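The chains referred to below are lettered A, B, ... by the order of the sequence lines, with proteins before strands, and numbering in each begins at 1. Quick caveat: nothing in here was measured; it's all calculated off a predicted structure.
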2 protein chains.
Amino acid sequence: MALEHAILVSLAEQAATGYDLARRFDASIGYFWRASHQQIYKTLARMEADGWVSATIEPREGTADKKTYAITDAGREELTRFSAEPSPREALRSDFAVKLRGLADVAAIVEDTRRRRADHVERLDRYEASAKRHYPDPAAIEEHERGAYLALRGGILSERTGIAWCDEILGQLETRSER
Amino acid sequence: MALEHAILVSLAEQAATGYDLARRFDASIGYFWRASHQQIYKTLARMEADGWVSATIEPREGTADKKTYAITDAGREELTRFSAEPSPREALRSDFAVKLRGLADVAAIVEDTRRRRADHVERLDRYEASAKRHYPDPAAIEEHERGAYLALRGGILSERTGIAWCDEILGQLETRSER
DNA sequence: CCTTGCCATGCAACTCGTTGCATAGGTACG
DNA sequence: CGTACCTATGCAACGAGTTGCATGGCAAGG
């Protein structure tokens with residue numbers, strides 16, 4: 001499971017509450033790993049039990065205590081261990097590809113492909129804006145941020161490819177469906 | 001859930017046993033959706049209960065009956081319904097990107113990236129061989145096979161991008177880790 | 001004052017998928 | 001005759017993730 005590790009990476013950069021993490025998983029880290037707040041809280045509890053993170057509790061009246069989590073030495077060790085193990089190839093599972101392969105309803109696929117294309121464009125814009133803001137000069141990237149930069153580059157390349165694929169699909173299907 | 005739909009697509013092309021499907025999910029359809037035989041049997045049972053597929057039973061002595069599944073009208077209807085609904089954007093979850101982002105151990109990442117690159121190359125070869133064999137002349141593709149062709153194109157584009165990304169990573173990290 | 005939205009935490013039920021295990025006939029090779 | 005591999009089906013336990021629900025403080029604006 002990598003949610004734990006994504007959390008460790010995030011906490012290694014900066015301590016945070018579950019809520020903070022949920023927001024990070026909605027942006028930056030979230031580009032590569034999605035997680036709901038429920039799942040984050042559950043996972044943090046387990047990680048604390050495992051000693052990978054420690055919580056600083058700020059008691060609050062009338063509602064649940066606020067807990068700020070920080071990575072521990074054991075957590076850092078686990079992160080190193082995780083880093084060294086080969087990553088499994090991510091299981092490719094695409095509803096869209098299955099649907100395309102079936103090709104039951106051309107007009108619906110075309111519509112779906114347009115939606116998909118728009119989504120790719122939106123993400124690409126987000127990634128590129130992020131790249132421009134954080135790494136305006138790729139030649140001047142510092143070592144500690146190189147990983148994040150390369151991860152972002154992966155996102156950019158993959159969104160561009162997604163757009164190209166959509167265009168290819170639309171090029172071959174559009175004329176056929178329109179009339 | 002799309003496993004059901006992937007199975008429907010596959011059975012629409014040709015009736016099959018659970019075992020046959022498991023093998024298909026290890027090739028062709030399996031390029032876009034992975035599934036173990038256990039899961040396929042479980043899902044087929046549910047799909048039969050739902051009336052999407054029907055089984056022709058061939059009794060066998062001393063061991064479990066052989067069941068050949070075929071898609072039903074209800075199954076075809078479900079496939080049409082599924083085709084028309086917008087596909088959710090697949091959740092991107094990448095252990096590798098998380099690891100890269102953390103960048104705890106450069107040498108390990110480099111090794112991992114090389115492994116990953118080799119995997120992409122292997123898949124690309126497989127996809128391209130498949131494309132060459134089934135669709136030697138892209139201009140002459142028949143309508144009924146266009147979906148499968150476009151799905152395969154997606155695989156090819158995505159593997160190429162994966163390779164390019166690995167090369168970019170290696171270009172930036174290799175010299176640093178080697179010496 | 002009331003509503004809206006953000007900060008903040010969490011439980012419970014459920015679905016989907018993985019892993020390990022079990023069974024058993026048929027066929028080909030040495 | 002044994003062994004290995006392919007055909008063929010399935011259960012059980014577990015892990016990971018989703019969806020729905022619940023609680024409650026605090027601040028800003030109308």
Would you say [X] reaches [N]'s phosphate, i.e. side-chain N/O to OP1/OP2 under 4.0 Å?
| X | N | answer |
| --- | --- | --- |
| B:T17 | D:dT9 | yes |
| A:Q39 | D:dT18 | yes |
| A:Y41 | C:dT9 | yes |
| A:R34 | D:dT18 | no |

Whole-Å gap separating [atom2] ([N]) and [atom1] ([X]):
| X | N | atom1 | atom2 | value |
| --- | --- | --- | --- | --- |
| A:H37 | C:dC6 | NE2 | P | 14 Å |
| A:L21 | C:dC7 | CG | P | 14 Å |
| B:R46 | D:dG10 | CZ | C1' | 15 Å |
| B:L44 | D:dA8 | CG | P | 14 Å |
| B:E90 | C:dC16 | CD | C1' | 17 Å |
| B:Y19 | D:dT7 | OH | C1' | 5 Å |
| A:K66 | C:dC6 | NZ | P | 17 Å |
| A:D26 | C:dA8 | CG | P | 15 Å |

message: Checking side-chain polar atoms at under 3.5 Å, does B:H120 have a donor or acceptor matched by the opposite partner on A:R89?
response: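 Side chains of B:H120 and A:R89: pair found under 3.5 Å.
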field: Touch class at under 4.0 angstrom, heavy-atom based, for B:K42 against every strand present
entry: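 Since a base atom lies under 4.0 Å of B:K42, the category is base.
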- prompt: How is B:E61 classified with respect to the nucleic acid when contacts are heavy atoms under 4.0 Å: base, sugar-phosphate, or nothing?
  reply: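 Counting heavy atoms under 4.0 Å across all strands, the contact made by B:E61 is with sugar-phosphate only.
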- request: Using heavy atoms to find the nearest nucleotide of DNA chain D for B:R60 and B:R93 separately, return the residue whose nucleotide is more 5′.
  value: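 Its nearest nucleotide lies further toward 5', so the answer is B:R60.
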- prompt: Want to settle it: does B:K67 or A:T43 sit nearer the 5' end of DNA chain D, counting the closest nucleotide to each?
  reply: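 By nearest-heavy-atom nucleotide position, the 5'-most residue is B:K67.
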field: A:R153 and B:E168 ion-paired at < 4.0 Å
entry: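 Judged by the 4.0 Å cut-off on N to carboxylate O distance, A:R153 and B:E168 do form a salt bridge.
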Any link between [X] and [Y] through a network of hydrophobic side chains (Ile, Leu, Val, Met, Phe, Trp, Tyr) touching at under 4.5 Å?
| X | Y | answer |
| --- | --- | --- |
| A:Y41 | A:Y69 | no |
| A:L124 | A:Y149 | yes |
| B:L170 | B:L103 | yes |

message: I'd like to know if A:Q38 reaches the base of D:dG17 with its side chain such that a donor and an acceptor end up less than 3.5 angstrom apart.
response: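 Result: no qualifying N/O pair found.
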